[in-house]
Amino acid sequence: MILLLGSVLTACGPGEAAGPVNFAGDARHGAELIGQYGCGGCHDIPGIAGADGNVGPPLHRIGTRTYIAGFVRNSPENMAFWIRDPQKVLPGNAMPSMGIPQNDARDITAYLYTLK
Ligand code: HEC
């Protein structure tokens, strides 16, 4: 497993404002996180090595899908919330809440939104 802490901690150099929370996200980091969190064990995800699971739906073109889990509107906010806590969004569905922090969920969302 690759340790990413170094790059995360040095991302904000001196004089760089953290800025408002937005959903710009780092798609490349998101792709690495998708590998680390093992999303591919359950999902077929384009561009992620070994992500060929078939427990949940394939995430092909998820960036342009109208609904998440056929339930909530697909927006960056809703997607990040889904990734953080799918059991809160749709209690009882088969995707576990994995305790993913907001920043990681944002970067994962950024990657998923590249899938069109
Ligand atoms: C244990 C299996 C499992 C894991 C691990 C898992 N998921 Fe899921 N996921 C599911 C299932 C099952 C659904 C379908 C839920 C539903 O429709 O009610 C789902 C749904 C989704 C959806 C909505 C798909 C759609 O077609 O609307 C997204 C996006 C998603 N997962 C992303 C992720 C990401 C990103 C990760 C890793 C952080 C992940 N999942 C980890 C099982 C999993």
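One-based numbering, in listed order, for ligands and for the atoms of each. Throughout, numbering of the chain's residues begins at 1 and tracks the sequence.
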Item to complete: Please answer whether the main-chain N or O of L90 pairs with a side-chain N or O of N93 as donor and acceptor at a distance below 3.5 Å.
Response: yes
What do we get for [X] next to ligand 1 when only non-hydrogen atoms under 4.0 Å count, side chain, backbone, both or neither?
| X | answer |
| --- | --- |
| L59 | side chain |
| I100 | side chain |
| P86 | neither |

Tell me, please: is [X] in heavy-atom contact with ligand 1, that is, under 4.0 Å?
| X | answer |
| --- | --- |
| G41 | no |
| I34 | no |
| F71 | no |

Which pair of non-hydrogen atoms, one from [X] and one from [Y], has the smallest distance, and what is that distance?
| X | Y | value |
| --- | --- | --- |
| I100 | R84 | O-CG, 3.4 Å |
| M98 | Y37 | CE-O, 3.1 Å |
| Y113 | P76 | OH-N, 3.2 Å |
| A105 | A80 | CB-O, 3.6 Å |
| R65 | P58 | NH2-O, 3.6 Å |

Worksheet item: Side-chain donor-acceptor pair under 3.5 Å between Y67 and N78, yes or no?
Response: no
Worksheet item: Do Y111 and D26 meet the criterion of a side-chain donor-acceptor pair at a distance under 3.5 Å?
Response: no
Closest non-hydrogen protein atom to [atom], residue and atom name please, with distance?
| atom | result |
| --- | --- |
| atom 13 (C) of ligand 1 | P57 CD, 3.5 Å |
| atom 29 (C) of ligand 1 | M79 SD, 3.6 Å |
| atom 7 (N) of ligand 1 | H43 NE2, 2.8 Å |
| atom 39 (C) of ligand 1 | M95 CE, 3.3 Å |
| atom 22 (C) of ligand 1 | W82 NE1, 3.3 Å |
| atom 12 (C) of ligand 1 | A94 CB, 3.5 Å |
| atom 34 (C) of ligand 1 | C39 SG, 3.5 Å |

Which atoms of ligand 1 have any heavy atom of [X] under 4.0 Å away?
| X | result |
| --- | --- |
| R65 | 25 (C), 26 (O), 27 (O) |
| I68 | 23 (C), 27 (O) |
| I108 | 35 (C) |
| L90 | 18 (O) |
| Y67 | 27 (O) |

Proximity winner for [atom], if only heavy atoms of [options] are counted:
| atom | options | value |
| --- | --- | --- |
| atom 43 (C) of ligand 1 | C42, G63, G35, G70 | C42 |
| atom 18 (O) of ligand 1 | I83, I48, N93 | N93 |
| atom 17 (O) of ligand 1 | A105, A80, A69 | A69 |

Worksheet entry | Nearest-0.5 Å distance that lies between atom SG in C39 and atom CG in L33 | 8.5 Å
Worksheet item: How many angstroms lie between atom NZ of K116 and atom CD1 of I62, to the nearest 0.5 angstrom?
Response: 12.5 Å
Worksheet item: Please walk me through it: do V72 and V89 pass side chain to side chain contact (heavy atoms under 4.5 Å, CB included)?
Response: CA-CA 8 Å; V72 285; V89 178; 3.9 Å; yes
Discussion item. Does any part of the side chain of Q87, heavy atoms only, come nearer than 4.5 Å to the side chain of P96, both counted from C-beta?
Written reply: no
Discussion item. Exactly one of T109, I108, T114 should register a side-chain contact (heavy atoms from CB on, under 4.5 Å) with L112. Which one does?
Written reply: I108
